[in-house]
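Heads up: the structure comes next, in structure tokens.
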Amino acid sequence: SWQVCINGDEENLVTVGTSPRTLYNLDAGTEYTVKMRAQCGIGWSDWSNEVTFTTEVACTTPTSLAVSNITMNSADLTWLGENVTHYVQYKVSTDADWIQLQGNSPYHLDGLQHDVTYNVRVMANCGIDGTSDWSDTVTFTTSSCPVPTGLVVTDVAAHSAVLSWTENGSANVWQIRFNYDDTDTKL
């Protein structure tokens, strides 16, 4: 038989009778050092050389986070990762606190403010295997509210005039200001 020493703990040796031998109950994403010795009658050999290995991460970090279809109040997120639920976090880039949601790729993020810079990141939730690290943070800026163009005045009369313009976004309310006698008036 042989004894296996894990991470230098010679008080808790694992005795094995065959080769190869699988070590169970290791922590994911952890570096281990092992050495072993053989039983020689009533004694033990010297320790073998030490070998170091790192177990795989049980829940991999999402990669390739991308932001597309950015509008005044929304953006689409995509990423590559495990087929599990993901946590999506976003925040105004100058804020300290993140807002957390759950979803999968592709993810439509809405309720944003126009002309604001945001940070976004994602994390995999692998259930009993825990969570991954956060992905790299991606920064994007929502579109600004487009300025109406093509303002035209027609049908000018003694006490009225007709205004028309081209709407260049999704606005449905406009503010019109005009000046007479050096004072601004809002309609």
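As the structure is a prediction and not an experimental result, all values here were calculated from the model.
Relative orientation of the Tyr118 and Tyr90 rings is tilted, given thresholds of 30° and 60° on the angle between their planes.
Across Lys91 and Ala96, no two heavy atoms sit closer than the pair CD-O, 4.2 Å. The nearest pair of heavy atoms linking Asn125 to Val84 is O-CB, 3.4 Å. When all heavy atoms of Ser143 and Ile70 are compared, the closest pair comes out as OG-O, 3.5 Å.
Here Trp165 pairs with Trp174 under the ring pair (Phe, Tyr, Trp, His ring centres under 6.0 Å) rule; sequence neighbours left out. Residues forming a disulfide (SG to SG under 2.5 Å) with Cys126 (at least two apart in sequence, or on another chain): Cys59.
No more than 12 heavy atoms of other residues, nucleotides or ligands lie within 6.0 Å of CG in Asp136, so this atom counts as exposed by the packing criterion.
Counting only N and O atoms by type, the side chains of Ser68 and Asp76 include no donor and acceptor under 3.5 Å apart. Donor-acceptor pairing under 3.5 Å is recorded for the side chains of Thr60 and Glu82. At a cut-off of 3.5 Å, with distance as the only test, no side-chain donor of Thr61 or Ser135 sits close to an acceptor on the other residue.
Within the structure, the side chain to side chain donor-acceptor pair (under 3.5 Å) test picks out the following pairs touching residues 144-161 (sequence neighbours left out): Thr149-Asn168.
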Review item, side-chain donor-acceptor pairs of residues 98-106, under 3.5 Å, at least two apart:
{"from": "Gln100", "atom 1": "OE1", "to": "Gln89", "atom 2": "NE2", "distance (Å)": "2.7"}
{"from": "Ser105", "atom 1": "OG", "to": "Trp79", "atom 2": "N", "distance (Å)": "3.0"}
{"from": "Ser105", "atom 1": "OG", "to": "Trp79", "atom 2": "O", "distance (Å)": "3.3"}

Contacts under 3.5 angstrom, residues 38-45 side chains, donor-acceptor by atom type, not counting sequence neighbours:
{"from": "Gln39", "atom 1": "OE1", "to": "Ser1", "atom 2": "OG", "distance (Å)": "2.9"}
{"from": "Ser45", "atom 1": "OG", "to": "Ala38", "atom 2": "N", "distance (Å)": "2.8"}

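At least one donor-acceptor pair under 3.5 Å links the side chain of Thr30 to the backbone N or O of Asp27.
Contact check for Glu10 versus Trp47: side-chain heavy atoms found under the 4.5 Å cut-off. Put simply, the side chain of Leu77 reaches to within 4.5 Å of the side chain of Val120, judged on heavy atoms.
Members clustered with Ile6: Trp2, Val4, Val14, Val16, Leu23, Leu26, Tyr32, Val34, Met36, Val51, Phe53, by chain and number, using a 4.5 Å side-chain heavy-atom cutoff among hydrophobic residues.
The line from SG of Cys5 to CG of Leu13 is 5.5 Å long, rounded to the nearest 0.5 Å. Thr78 contributes atom OG1, which lies 9.5 Å from atom CG of Asn69 (distance to the nearest 0.5 angstrom).
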